[in-house]
Amino acid sequence: MMRNGVELLVKRVSAISQRSVSSSFQVLPQFCTSSSSSSSSESPSSKLFIGGLSWSVDEQSLKDAFSSFGEVAEVRIAYDKGSGRSRGFGFVDFAEKDNALSAKHAMDGKGLLGRPLRISFALERVRGGPVVVPRFGKSKRDR
DNA sequence: CGTGAGCGT
């Protein structure tokens with residue numbers, strides 16, 4: 001009597017559960033590297049951090065040096081705002097991560113203009129977005 | 001200048 005009712009309810013829930021799972025199967029590929037190695041040598045993005053550059057290198061030379069590995073989407077050199085001279089490091093964004101990975105493994109440790117290159121994956125410029133934590137009622141005078 | 005490890009006008 002009562003048992004039948006319970007079984008029916010359970011069956012219905014099970015069916016709904018299965019349908020729900022079949023409908024929604026999305027996960028984040030970058031944060032779900034369970035079987036893969038969680039090393040920094042992965043390729044989370046196609047932007048590369050180029051270090052070890054000479055202080056006289058410009059974006060054109062860097063792009064020319066990396067454009068042979070694939071389609072270069074963007075090249076940027078970190079310049080000093082106060083003086084205008086390069087800081088000796090820049091960024092290269094490739095159209096595909098595979099190209100960036102190849103370029104990294106191909107030019108990392110090589111010498112450009114007499115200095116060894118240091119290449120690694122670039123950290124994004126924005127690190128958290130417009131997340132602002134205001135003071136919850138206490139502005140000043142809580143010290 | 002001797003600048004040199006790092007992550008951006």
Side-chain angles (χ1 to χ4, degrees), chain A residues 3 5-143:
Chain A
R3 223 190 122 148
V6 170
E7 259 184 37
L8 226 102
L9 188 67
V10 169
K11 276 206 170 193
R12 277 178 73 177
V13 170
S14 207
I16 292 174
S17 206
Q18 274 184 4
R19 197 176 290 176
S20 195
V21 168
S22 273
S23 198
S24 208
F25 215 78
Q26 269 193 352
V27 287
L28 296 186
Q30 291 182 2
F31 294 91
C32 202
T33 49
S34 40
S35 309
S36 272
S37 41
S38 313
S39 257
S40 307
S41 308
E42 272 292 312
S43 132
S45 47
S46 30
K47 205 160 296 184
L48 293 180
F49 169 78
I50 311 297
L53 294 176
S54 188
W55 291 309
S56 313
V57 177
D58 49 28
E59 297 172 335
Q60 245 179 93
S61 307
L62 204 65
K63 184 185 178 177
D64 187 65
F66 281 83
S67 58
S68 62
F69 297 96
E71 185 179 327
V72 176
E74 189 65 63
V75 177
R76 170 123 19 106
I77 298 274
Y79 285 100
D80 187 80
K81 286 176 279 193
S83 272
R85 281 166 277 191
S86 69
R87 292 188 201 177
F89 65 91
F91 303 89
V92 174
D93 185 26
F94 279 86
E96 295 185 21
K97 304 172 210 167
D98 190 55
N99 294 350
L101 207 290
S102 298
K104 180 190 181 215
H105 281 247
M107 294 291 288
D108 187 22
K110 298 298 177 156
L112 186 66
L113 277 74
R115 279 298 190 187
L117 254 58
R118 304 171 99 195
I119 305 182
S120 58
F121 294 103
L123 314 173
E124 198 164 336
R125 211 173 357 137
V126 45
R127 296 190 191 174
V131 175
V132 176
V133 180
R135 293 122 338 239
F136 293 91
K138 296 190 202 173
S139 325
K140 318 167 183 180
R141 229 169 266 277
D142 64 333
R143 206 182 287 212

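Just so it is clear: chains get the letters A, B, ... in the order the sequence lines come, proteins before strands, and each one is counted from 1.
Considering only side-chain atoms of Glu59(A), the nucleotide from dT9(B), dG8(B), dA5(B) that sits closest is dT9(B).
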Apply the test side chain to side chain donor-acceptor pair (under 3.5 Å) to residues Asp58(A) and Ser61(A): give CA-CA distance (whole Å), side-chain angles for both, the deciding distance (0.1 Å), then the verdict. CA-CA 6 Å; Asp58(A) 49 28; Ser61(A) 307; 2.5 Å; yes

Apply the test ring-ring contact (aromatic ring centres under 6.0 Å, His included) to residues Phe121(A) and Phe49(A): give CA-CA distance (whole Å), side-chain angles for both, the deciding distance (0.1 Å), then the verdict. CA-CA 5 Å; Phe121(A) 294 103; Phe49(A) 169 78; over 10 Å; no

Determine, step by step, whether Arg118(A) and Phe89(A) satisfy the side-chain contact (heavy atoms from CB on, under 4.5 Å) criterion, reporting the C-alpha distance in whole Å, the side-chain angles of both residues, the deciding distance to 0.1 Å, and the verdict. CA-CA 9 Å; Arg118(A) 304 171 99 195; Phe89(A) 65 91; over 6 Å; no

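Along DNA chain B, the nucleotide nearest Arg115(A) and the nucleotide nearest Ile77(A) are compared for position; the residue whose nucleotide lies closer to the 5' end is Arg115(A). Both Ala122(A) and Trp55(A) lie close to DNA chain B; mapped to their nearest nucleotides by heavy-atom distance, the more 5′-ward contact belongs to Trp55(A).
The separation between Leu123(A) atom CG and dG6(B) atom P is 13 Å, rounded to whole Å. In this structure, CD1 of Ile119(A) is placed 18 Å from P of dA5(B), rounded to the nearest angstrom. One interatomic measurement links the two molecules: CZ of Arg118(A) to P of dG4(B), which rounds to 13 Å at whole-angstrom precision. Residue Asp108(A) contributes atom CG, which lies 14 Å from atom C1' of dG6(B) at whole-angstrom precision. Counting to the nearest Å, the P atom of dC7(B) and the CZ atom of Phe121(A) are 17 Å from each other. A straight line from CD of Glu74(A) to P of dG8(B) spans 16 Å, rounded to a whole angstrom. Residue Phe89(A) contributes atom CZ, which lies 10 Å from atom C1' of dA5(B) at whole-angstrom precision. Put simply, CG on Leu53(A) is 12 Å from C1' on dC7(B), counting in whole angstrom units.
Nearest heavy atoms, Leu62(A) versus Val92(A): CD2-CG2, 3.6 Å. Here the shortest heavy-atom pairing between Asp108(A) and Leu117(A) reads OD1-O, 3.5 Å.
Counting any heavy atom pair closer than 4.0 Å across all strands shown, Ser54(A) reaches a base atom. Heavy atoms of Gly84(A) sit nowhere under 4.0 angstrom from any nucleic acid atom. Residue Phe91(A) is in base contact, counting any heavy-atom pair closer than 4.0 Å across all strands shown.
Not one side-chain nitrogen or oxygen of Arg87(A) sits closer than 4.0 Å to the OP1 or OP2 atom of dC7(B).
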